[in-house]
Amino acid sequence: MSLYDFCHITFPWLFSLWLRWEVFGRENIPADGPVVIACNHLSLLDPPVLGAAATRQVHFMAKSELFRPSWFGAIIRKLGAFPVRRGAMDRDAIKTGLTILKEKKVLAVFPEGTRSKTGELGRTGGGAFMMAVKMKAKIVPAYIYGTDLKRHPGWPKVRVIFGKPMEYDPAMGTGRESLDEIGARWREEVLTLKKAVTLEDGNYRS
């Protein structure tokens, strides 16, 4: 059994106890083919929570600082993460992401680019969708609530929702206008997913 398989079995059990997590919309993740899961970003817990909730192995871009020390970098690489340098165009990271999609795997991105300090959806960059459009991958919007533990002290209740794949013209280019259009539509989809959750009673309204 690989480290990823072990974590994918044990993390849901752990998160159920610790985070009281609930997952909705798993059926919206295509069973095969290249997929980009585009999710809001609240905390460092988001990647493991999102990965454990998904039905397929998920690969993540992670800031290069997380790969130090080297032993920790080796662990998260085995769990599907690969480094990206922030603040610059990291061609190696983009190449890795494109390879993942070319191999018909699942890549997760956080279009906000950084963690939200308020819990609200931050500014959305369309560039996060470049790899999806280039490889004609399905784009699955996702929404996470409750992983920002400083804002939810005590015994949090985390929810993960996967929306239906977004419709877009696979022949569209990767110009700024096209990507910004997808980014704006993704934002609308995520805000809709957010409204679908009744945070007071924990019910999910599709």
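Since this is a predicted model, take the numbers as computed values, not measurements.
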Check: Does Asn40 reach the main-chain N or O of Leu121 with its side chain, forming a donor-acceptor pair under 3.5 Å?
Finding: no

Item checked: Asp46 (side chain) donor-acceptor with Leu42 (main chain) under 3.5 angstrom -> yes

Checklist line | Heavy-atom donor-acceptor pair, Glu112 side chain to Gly122 backbone, under 3.5 Å | finding: yes

Check: Within the distance-only criterion (no hydrogens, no angle test), does the side chain of Ser116 pair as donor or acceptor with the backbone N or O of His41 below 3.5 angstrom?
Finding: no

Notebook entry, point to check: Which atom pair, heavy atoms only, marks the closest approach of Ala93 to Pro83?
Noted result: CB-O, 3.6 Å

Notebook entry, point to check: Hey, is NZ on Lys63 packed in by over 12 heavy atoms from elsewhere, all under 6.0 Å?
Noted result: yes

Notebook entry, point to check: Is Asp92 salt-bridged to Lys95, going by a charged N under 4.0 Å from an acidic O?
Noted result: no

Next item on the list: Output all residues satisfying side-chain hydrogen bond (donor to acceptor under 3.5 Å, both in side chains) with Trp186, sequence neighbours left out; order by chain, then residue number.
Entry: none

Check: Should Leu79 and Phe82 be counted in the same cluster of Ile, Leu, Val, Met, Phe, Trp and Tyr side chains packed under 4.5 Å apart?
Finding: no

Note to self: Test of understanding: with side chain to side chain contact (heavy atoms under 4.5 Å, CB included), list the residues that count as partners of Glu177, not counting sequence neighbours.
What the structure shows: none

Margin query: Looking at Glu189 and Lys164, is any side-chain nitrogen of the basic one under 4.0 Å from a carboxylate oxygen of the acidic one?
Written below: no

Check: Linking I/L/V/M/F/W/Y whenever any side-chain heavy atoms sit under 4.5 Å apart, do Phe67 and Leu44 land together?
Finding: no

Next item on the list: Look at the side chain of Asp148 and the backbone N and O of Arg151, then say whether any donor-acceptor pair between them is shorter than 3.5 Å.
Entry: no

Check: With the 4.5 Å side-chain cut-off for hydrophobic clustering, are Met166 and Leu191 part of the same group?
Finding: yes

Margin query: Looking at His8 and Ala54, would you say the former's side chain and the latter's main chain have a donor-acceptor pair under 3.5 Å?
Written below: yes

Margin query: Do Val58 and Leu19 sit in one hydrophobic cluster, given that two such residues count as connected whenever their side-chain heavy atoms are within less than 4.5 Å of each other, even indirectly?
Written below: yes

Checklist line | Positive for side chain to side chain contact (heavy atoms under 4.5 Å, CB included) with Phe60, one of Ile37, Leu107, Leu50 | finding: Leu50

Margin query: Taking Thr174's backbone N and O only, do any of them form a donor-acceptor pair with Ser178's side chain (distance below 3.5 Å, no angle check)?
Written below: no

Note to self: Taking Ile161's backbone N and O only, do any of them form a donor-acceptor pair with Arg26's side chain (distance below 3.5 Å, no angle check)?
What the structure shows: no

Check: Is there a donor-acceptor pair closer than 3.5 Å between any side-chain N or O of Ser16 and the backbone N or O of Arg20?
Finding: no

